[in-house]
Amino acid sequence: MQQTPATPTHCPYCALQCGMNLTPVPEGGVAVAERPDFPVNRGALCGKGRTAPAVLSDRVRLTSPLVRKDGVLTPAGWDEALDRIAEGLARTRADHGPDAVGIFGGGGLTNEKAYALGKFARVVLGTSQIDYNGRFCMSSAAAAGGRAFGLDRGLPFPLEDIPKTGCVILVGSNLAETMPPALRYLTELKENGGRLIVVDPRRTRTAEQADLHLAPRPGTDLALALGLLHLVVAEGRTDEAYIRERTSGWEETRAAAMAHWPEYVERITGVSVPELREAVRLFCEPEHAMVLTARGPEQQAKGTDTVGAWINLCLATGRAGRPLSGYGCLTGQGNGQGGREHGQKADQLPGYRKLTDPEARRHVAGVWGVDPDSLPGPGRSAYELLDALGGDVRALLLMGSNPVVSAPRAAHIEERIRSLDFLAVCDVVLSETAALADVVLPVTQWAEETGTTTNLEGRVLLRRRAITPPEGVRTDLYVLHELAARLGVEKGFPTDAEEVFEELRRASAGGIADYSGITYRRLAEEDGVFWPCPAPAGRNTPPAHPGTPRLFLDRFATEDGRARFAPVSHRPIAEEPDDEYPVLLTTGRVVAQYQSGAQTRRVDELNAAAPGPFVELHPRLAERLGAAEGDPVAVVSRRGRAVAPARITTAIRPDTVFMPFHWPGEGRANTLTNPALDPTSRMPEFKACAVRVERLEAVRG
Ligand code: SF4
């Protein structure tokens, strides 16, 4: 019997975008196999990727549109559902104006979907009110990277450079749980004689691999980075020639750092002066070194400055824009990188262009065939948009996001969503947010559709369709095409992903994230192409641009080519503990669940490994509360209360508790989190808020 050839593609989940081979199986769905030739994960997959086909099953996914009738979501035909959405959006727009209609996207959407969604908002609806859940992921690193380097790309170098450097400071990242195959790069770094420093309030499985683990109090890593920079200066470890030739703004930054004495930093962070000195020694002694940040420093109300402080450390020591050295952000969501480049962000046009830039508006409006003046200006950021629902934003179209679980101050956001006049959701499953909708559209998922994503390295990848989707399911591009037509825009919203990508190439041409030299054909033949990749100029088939795996080696992307220091100073978290709320809460992830868990909570194997939320607390705090392992404890903040079993461990600081945020209901961690926003990135402070912990009577058999 002839075997069906395997389809090489990529995982639907995180930003590593591991390569995998899919083969259809007779009972329906696909089998996942290793794809050792793909350089990013070299065949390795985590449990989430291996079990992803389970979500293709009719048992857990939606296969028919649902329309609310007499208060109940009821199966309906596609025309009825689309008519109802078009009517809901048009009525709101007519009654309250275009900005009364909001769009909320997701960092898991392909580049084509993110592009089409941004165009739909601005061209069809004429609304400025569009943002996406990627705002909650990496926006602080994006803002800090843009400010320092003139360009934000998660990693400015491929992952393969990590094992060859001399030292990595990994700040607020638990790779062992979030993207396990990437841990191999750190293991190889150590095998090659390099050093690993992990900065994390918890002794995570990643921190256990470190040569040095620094465990600052949550929300104080800005001070920690300043303390390290102070010591770099005091010990004469700055690279003066590099600072002179490749940077600007050093004197002000140096002065700010010198105000942060190591002893002062020790008092703020809880990290001892000898530990600070050891970190500086490990980081500065090798010829090359890197700093990698993730959600820890980024999800703070001062996330942009915190990341800026870590970038300052790289710049002062000459460790950016040089081979095997640099600063990088480990983006989280599957297309967290591409999703922020092509227009679903409130202030952005495709190609990482700014909506406020007249030239950018002119270029993109030209591609779209509309008057530049018809494009709305920037809208609200994600939390501000969600907070405005039911107020001046009265209808919402939501695609690929589950804010009822993932937004900060989630009970309030759930109430805002319930207060909408009209909600339409496109999703694969009936998420907690979809369950509140007036209309739910069942859409195709990764193995059933073709599209591109951009991984955390800035590598643009082709995800290929491997199987036919079930009857009754359509693509997001089909949804936008049909809605645009019903709202009077007949052209410009093709359903074919490659056709959308061809337009995206033109729209991005000349922008920061220039994809114009990338084609589906190239992506099918290569292991991805790193942007920027401009189309070659000239008439006579000039050679294709090779893409840009390593950025900034000659110059930074600022106007003068120099990297900019950020003169930042320590400031406390938005909500310090007090007598009523004396403990800090920090939130994060576990290896067997992904983001709001909408997909992974439907996979038996993953649920068996991670069945529900928990509260991680130190034995000293547990003793004070009289709580034993497994006892239900309540965590209470100014925004609400969550209950989950205690998990007692010395891996956490005694002044801090940790909860993973993947679950809804009474254990929903985001009921507690603080929506205080970073002034630049508008990132909420997920990583630190004041709580009290109460022991509940355990129900013992
Ligand atoms: Fe998928 Fe990320 Fe796991 Fe790789 S590490 S298999 S991309 S979830």
Side-chain angles (χ1 to χ4, degrees), residues 6-22 30-56 106-110 134 137-138 154-155 158-160 162 170 173-188 204-206 209 292 294-295 329-339 400 406 428 445-447 451-464 466 527-528 588-603 605-607 609-610 660-662:
T7 304
T9 190
H10 299 274
C11 176
Y13 296 120
C14 85
L16 204 54
Q17 284 297 286
C18 291
M20 53 172 60
N21 282 323
L22 300 183
V30 288
V32 169
E34 290 177 0
R35 190 179 154 193
D37 59 309
F38 183 63
V40 174
N41 60 312
R42 291 176 275 171
L45 295 170
C46 80
K48 296 184 286 278
R50 267 191 306 100
T51 59
V55 188
L56 296 166
L109 300 179
T110 60
C137 178
M138 57 352 97
L155 297 179
L159 284 161
E160 67 183 52
I162 291 176
L170 187 68
S173 164
N174 184 6
L175 279 181
E177 305 245 6
T178 53
M179 40 182 78
L183 199 62
R184 180 186 292 187
Y185 292 100
L186 298 178
T187 314
E188 288 174 9
T204 61
R205 281 165 52 199
T206 311
Q209 314 273 323
L292 305 176
R295 304 303 80 74
C329 153
L330 298 160
T331 300
Q333 291 193 83
N335 196 28
Q337 180 67 49
S406 62
V428 169
Q445 45 181 316
W446 104 114
T452 61
T453 60
T454 305
N455 84 345
L456 76 174
E457 305 167 285
R459 189 194 294 253
V460 185
L461 301 163
L462 185 62
R463 265 204 212 147
R464 296 172 176 88
D527 290 326
R589 295 154 174 81
V590 297
V591 66
Q593 300 288 351
Y594 179 70
Q595 304 294 41
S596 80
Q599 292 133 294
T600 51
R601 281 188 276 109
R602 288 170 165 83
V603 179
E605 187 181 327
L606 300 178
N607 275 334
F661 69 88
H662 310 289

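FYI, the numbering just counts along the sequence from 1. Remember, it's 1-based here, ligands and their atoms both numbered in the order they're listed.
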Item to check | Parallel, tilted or perpendicular, as decided by the 30° and 60° cut-offs, for the rings of F38 and H10 | outcome: perpendicular
Checklist outcome for this item: Honestly, for Q17 the part within reach of ligand 1 (heavy atoms, under 4.0 Å) is backbone
Checklist outcome for this item: To the nearest 0.5 Å, atom CZ of R184 lies from atom CD1 of I162 at 13.5 Å
Next on the checklist: Does either side chain, that of T453 or that of Q17, offer a donor lying less than 3.5 Å from an acceptor on the other one?
Outcome noted: yes
Item to check | Under 2.8 Å from atom 3 (Fe) of ligand 1 - protein N/O/S, by chain and number | outcome: C46 SG
Checklist entry - Considering only heavy atoms from C-beta outward, does the side chain of L461 approach that of T452 to under 4.5 Å? => result no
Checklist entry - Going through the distances and angles, do Q593 and N607 end up as a side-chain hydrogen bond (donor to acceptor under 3.5 Å, both in side chains)? => result CA-CA 8 Å; Q593 300 288 351; N607 275 334; 3.2 Å; yes
Next on the checklist: Is there a salt bridge (Lys or Arg N to Asp or Glu O under 4.0 Å) between R42 and E188? Walk through the geometry before answering.
Outcome noted: CA-CA 13 Å; R42 291 176 275 171; E188 288 174 9; 3.4 Å; yes
